[in-house]
Each structure stands twice: as structure tokens, then as C-alpha cells.
Amino acid sequence: MSDLPRRAVTRSAKLATLPLGFAGRTAIGLGKRLGGKSAEIVAQEVQQRTADQVFKVLGELKGGAMKLGQALSIFEAALPPEIVGPYRATLTKLQDAAPPLPVATVHKVLAEQLGDDWRENFRSFDDQPTAAASIGQVHKAVWHDGREVAVKIQYPGAGKALLGDFTQLARLGKLFGVLLPGLDMKAVLSELRERIEEELDYLREAHAQHAFAGEFHGDPDFLIPDVIAANEMVLVTEWMDGVPLSRIITQGTKEERDRAGLLFVRFLFCSPARVGLLHADPHPGNFRMLPDGRLGVLDFGAVNRLPDGYPRVFGQLMRIFNHGDMESVVTGLRQEGFIRPEIEIDPDALRAFLAPYVEPTAVEEFTFSREWLQTQAASVADLRPGNVVRQLNLPASYVLIHRVHAAGVGVLCQLNTTARFRDEVIRWVPGFSDDPDDLPDEKALAIS
């Protein structure tokens with residue numbers, strides 16, 4: 001099915017090379033230190049080599065290892081480009097060029113899931129997939145009533161491979177502690193495992209997609225294809241054409257890119273308030289611009305359940321950051337678990353790290369660009385022990401929110417989009433409004 005390692009023994013052996021390789025490099029580093037190199041230089045060399053092997057192994061595996069690699073990619077700015085570049089390229093290749101299932105296997109899955117008479121559900125079924133990803137692939141078909149549909153089929157054994165990875169990855173907590181000493185790796189892995197289990201359950205995905213489709217039915221800005229049929233491994237939804245956001249990025253006019261970027265942000269910010277869910281996989285392949293100007297949205301396997309909308313503290317801390325009170329920002333981040341009790345942090349370095357996420361909310365109109373993001377990243381791009389990125393923790397409850405916002409900023413910079421993003425935050429993010437009645441005691445940060 002693939003040239004990537006999938007058998008459990010092979011995958012375990014591949015992951016097991018990480019701590020052994022790390023131990024060897026630590027011994028080499030000690031030898032260099034005894035030979036006269038400074039402790040800081042040795043530490044940085046060990047960290048770089050450790051990161052090199054971590055990303056190489058994660059990039060070679062699919063499933064849970066790849067998901068962890070995606071989650072950790074938010075810390076890329078802390079790592080040298082010669083390490084991150086090959087890792088990112090490998091990860092992108094895995095996402096974009098997953099090998100399709102053989103046709104016979106596709107038919108076998110459909111027969112097992114829908115019955116031997118599965119073809120009676122369709123007027124036609126295209127055996128060649130239109131898309132393939134880490135746990136499944138999509139086929140175009142015509143439903144028995146004449147509607148064009150997308151049929152999403154899960155790879156056999158995907159669940160076992162994914163969850164098996166997490167058993168192995170749990171052994172690597174100390175390793176990631178070398179790279180990111182502020183990170184609670186157990187909490188990150190636990191949260192990711194829960195999300196993976198949800199992604200494997202197409203009935204759960206169907207429920208989420210149907211909720212989005214119902215809320216946005218007839219909406220002037222968004223179109224979400226509704227669910228037609230589903231079980232644990234097959235999901236049938238309405239088909240949706242449109243121009244992929246990736247093509248808008250490369251070929252769209254400035255007007256088209258501005259429109260796409262504004263709707264992209266509006267969708268991510270309004271969904272928790274309107275549906276109680278956050279779409280947690282915002283890469284360009286999951287979005288389409290439709291001829292009528294609406295944004296179409298696909299793939300609801302990864303969602304963050306936020307029944308009360310965005311956490312109020314999220315908006316409060318953005319507003320306090322814009323007011324320049326970094327002392328209160330640090331206090332709030334400690335209360336939320338982003339800075340662990342034993343970690344001391346430089347407020348100026350923290351300001352530089354948070355700027356890409358908050359700066360666009362401080363002005364009426366903002367332009368995202370690759371150059372702007374590169375400038376922001378340069379301020380935190382080193383591996384020294386005091387680097388702010390390495391000191392931050394990622395609380396489990398914020399894993400997906402952080403992933404969405406980090407990925408979202410990247411997409412907006414690819415679009416080079418200009419729009420009134422602050423208006424969307426004021427409208428949809430609790431706690432951000434400058435309404436005097438909404439201002440908390442910011443020094444005390446009495447955040448519930």
C-alpha cells in the first residue's frame with residue numbers, strides 16, 4: 001500500500017532509534033566539553049543533532065508520528081533552517097502525495113462497510129481517488145438519487161497504526177525536554193491521541209460536519225457540504241467544486257486573495273461562537289473559493305469542541321498585550337499553564353514571540369506577508385537555553401487552538417492578504433472588546 005514503514009515491528013524499531021541516538025550524541029558532547037568546548041556550544045550542538053534525528057524519524061513515519069510532527073511544527077521558528085527545512089519538506093510530501101489504495105482494496109472496504117450490494121447506492125463510482133491523506137482517501141461518485149457525492153474511505157488498519165505510534169512516542173518525553181524544556185509532552189501526546197481517536201471515527205466526523213452544515217445553511221459567506229451517509233470507515237457527503245485555496249495563493253488576484261483571507265479568518269473565529277466547534281485542520285487543501293464568492297470548507301475530522309466559544313481569557317490577553325502590559329500577560333499565561341511555575345521568562349522576548357498572533361488585532365487593517373512573518377520568526381530563531389519558544393508550555397486544552405492559529409497565520413501570509421481582521425476579533429472573540437463594561441481587573445487577572 002505504501003513504501004512507508006507500516007508494520008508494527010518496523011515502526012517501533014524506527015521510533016526506538018531516537019533515544020539511543022540521543023544517548024550516543026550526549027556522550028560525544030561530553031567528550032567535546034572535556035576537550036575544551038564551552039558547555040553552551042556543546043549543548044547547542046547536541047540540541048541541533050537531536051532535533052535533526054527527531055524530525056528525520058517523524059518525517060519518515062505516517063500516522064501518530066506525523067500528527068505529532070505537525071503539532072510540534074508550531075515551534076519551528078526555534079530550530080535552525082537546515083534542520084527544519086528537510087523535515088518540513090518530508091512532512092509536506094507525506095501530506096500531499098499519500099499513495100492511493102489499490103482498487104481491489106477500495107472495493108473490499110466498501111463491501112465490508114456498506115454490504116456486498118454497495119454499488120446499488122451509486123449510479124456511478126470513480127475508482128481513482130481525487131485526494132489521499134494520512135488515514136483515508138476520497139472518491140467522486142453519483143448517489144442513487146442523482147446527486148454528486150464525495151466518498152471518503154478509511155485505510156484498513158489506519159487506526160491500529162496510529163494508536164500504536166503513540167505508545168512508542170510516549171517514551172520520548174525526555175528527548176523533547178532537551179529541545180523544549182518548558183513543554184509538558186505527556187499532556188500534548190494525551191490530547192493528540194484523543195483527537196486522533198476522533199479523526200478515526202467517521203461517525204463522529206459526520207456529526208461535526210452536519211452541525212457545521214446546518215448552522216451555515218444559506219449563509220452568504222460559507223458553504224459546508226452536508227452528510228448523506230456514514231459509518232465508522234466510510235463517509236458520503238455532498239460534492240463541492242470550487243477553486244482550491246492553494247490556487248488562489250499562487251494565481252489569485254489581490255482582490256481574490258484579500259476576500260479569501262478575510263473569509264478564512266471569519267470562519268475560524270465565528271465557528272466556536274456559532275457551532276461550538278473549531279475546524280482544527282486549516283490547511284489550504286480544505287478550502288475552496290466558489291463562483292458566488294463564498295468560501296467552501298471541507299474535512300471535519302479534526303475539530304476542537306468549544307461549547308462556550310473561544311475561552312474568554314484568549315481575548316482578554318490579546319487586548320492586554322495590545323495595551324502594552326506584559327507583566328499582566330505573563331501572569332495570565334502562567335495561570336493558563338503556558339508558562340510552568342519553575343520557568344522564568346523574558347517579557348520582551350515573549351512579546352516578540354506573540355507579536356505574529358496579536359499584532360494584526362491592534363490596527364484597523366493589516367497585511368500579512370511572508371516577509372513580515374520571516375521578520376517575526378527571526379527574533380526567536382535560535383536554540384539557546386533562554387530562547388522563549390523553548391521555555392513555553394502548550395497546555396492540552398490549547399493544543400488545537402494553537403495549531404489552528406499558527407497554521408492560519410501561515411496561510412494568510414501565503415495569501416499576502418490585506419483586510420480588517422480586528423473587526424472579526426471584536427465581533428467573535430469574547431474578552432477582546434474595548435467596551436468599558438467588559439474590562440477585567442487586568443492586574444489581578446481574575447479570570448474564570
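- Residues Glu238 and Arg147 are in side-chain contact: their nearest non-hydrogen atoms beyond the backbone lie under 4.5 Å apart.
- For the residue pair Ala211 and Leu277, the shortest heavy atom distance occurs at CB-CD1, 4.4 Å.
- Taking a 6.0 Å sphere around NE2 of His405, one finds it holds more than 12 heavy atoms contributed by other residues, nucleotides or ligands.
- Across every non-hydrogen atom of Glu148 and Asp241, the tightest pair is OE1-OD2, 4.4 Å.
- Contacts of Tyr202 classified as ring-ring contact (aromatic ring centres under 6.0 Å, His included), with partners at least two apart in sequence or in another chain: none.
- Rounding to the nearest 0.5 Å places CD1 of Ile248 at 11.5 Å from CG of Asp258.
- Residues Leu278 and Leu400 have side chains not in contact (no heavy-atom distance under 4.5 Å, counting atoms from C-beta outward).
- Going from atom CD of Gln414 over to atom OG of Ser369 covers 12.0 Å, rounded to the nearest 0.5 Å.
- Looking at Leu333 and Asn393, their side chains never come closer than 4.5 Å, going by heavy atoms from C-beta outward.
- The shortest distance between side-chain heavy atoms of Thr237 and Val149 does not fall below 4.5 Å.
- Between Phe421 and Phe366, the ring center distance fails the sub-6.0 Å criterion.
- When all heavy atoms of Ile401 and Pro311 are compared, the closest pair comes out as CD1-CD, 4.0 Å.
- Arg319 CZ to Phe432 CZ: the interatomic distance, rounded to the nearest 0.5 Å, is 8.5 Å.
- Between Glu205 and Lys152 there is a salt bridge, with a side-chain nitrogen of the basic residue lying less than 4.0 Å from a carboxylate oxygen of the acidic one.
- Proximity of Val297 to Leu223: side-chain heavy atoms (C-beta onward) are nowhere separated by under 4.5 Å.
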Kindly determine whether Trp239 and Thr130 satisfy side chain to side chain contact (heavy atoms under 4.5 Å, CB included), including the steps that lead there.
CA-CA 11 Å; Trp239 181 263; Thr130 60; 4.0 Å; yes
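- A donor-acceptor pair under 3.5 Å is absent between the side-chain atoms of Gln335 and the main chain of Gly332, judged by distance alone.
- Using a 4.0 Å cut-off between charged nitrogen and carboxylate oxygen, Asp423 and Arg427 do not count as a salt-bridge pair.
- In plain terms, the two heavy atoms of Ile249 and Arg257 that are nearest each other are O-CD, 4.1 Å.
- Taking the centre of each ring, Phe287 and His279 come in below the 6.0 Å mark.
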Do Val409 and Trp372 pass the side chain to side chain contact (heavy atoms under 4.5 Å, CB included) test, and can you show the C-alpha distance, the side-chain angles, and the key distance before you say yes or no?
CA-CA 11 Å; Val409 167; Trp372 168 80; 4.0 Å; yes
Determine whether Val363 and Arg422 satisfy the following criterion, side chain to side chain contact (heavy atoms under 4.5 Å, CB included), listing intermediate values before the conclusion.
CA-CA 7 Å; Val363 293; Arg422 176 181 168 87; over 6 Å; no
Audit row: Gln137, His139, side chain to side chain donor-acceptor pair (under 3.5 Å) steps and yes/no:
CA-CA 7 Å; Gln137 62 190 44; His139 294 255; 3.0 Å; yes
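- Contact annotation: the side chain of Val330 approaches that of Leu350 to within less than 4.5 Å [non-hydrogen atoms, C-beta and beyond].
- Using a 4.5 Å cut-off on side-chain heavy atoms (C-beta onward), Arg351 and Phe321 make contact.
- To the nearest 0.5 Å, the span separating CD1 on Ile426 from CZ on Arg420 amounts to 8.5 Å.
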Working for side chain to side chain contact (heavy atoms under 4.5 Å, CB included), residues Leu306 and Asp308
CA-CA 5 Å; Leu306 299 170; Asp308 300 319; over 6 Å; no
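- A donor-acceptor pair under 3.5 Å links the side-chain atoms of Thr250 to the main chain of Arg247, judged by distance alone.
- Of the possible donor and acceptor atoms, one in the side chain of Arg334 sits under 3.5 Å from a partner among the backbone N and O of Arg340.
- Within the 4.5 Å cutoff, no side-chain heavy atoms of Leu290 are placed close to those of Leu295.
- Taking OG1 from Thr417 and CZ from Phe368, the interatomic distance works out to 8.5 Å, rounded to the nearest 0.5 Å.
- Here the shortest heavy-atom pairing between Gly285 and Leu298 reads O-CD1, 4.5 Å.
- Expressed to the nearest 0.5 Å, how far CD of Glu359 lies from CE of Met318 amounts to 13.5 Å.
- Looking at Thr361 and Asn322, their side chains do bring a donor and an acceptor atom within 3.5 Å of each other.
- Side chain of Asp201 to backbone of Glu232: no donor-acceptor contact under 3.5 angstrom is found.
- The two residues Val227 and Ala206 have their closest heavy-atom pair at CG2-O, 3.5 Å.
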Donor-acceptor contacts, no H, no angles, side chain residues 259-275, under 3.5 Å, sequence neighbours left out:
from	atom 1	to	atom 2	distance (Å)
Arg259	NE	Gly293	O	3.2
Arg259	NH2	Gly293	O	3.2
Arg266	NE	Glu424	OE1	3.0
Arg266	NE	Glu424	OE2	3.2
Arg266	NH1	Asp221	OD2	3.1
Arg266	NH2	Glu424	OE2	3.0
Ser271	OG	Phe267	O	2.6
Arg274	NE	Glu215	OE2	3.0
Arg274	NH1	Asp219	OD2	3.0
Arg274	NH2	Glu215	O	3.4
Arg274	NH2	Glu215	OE2	3.2
Arg274	NH2	Asp219	OD2	3.1

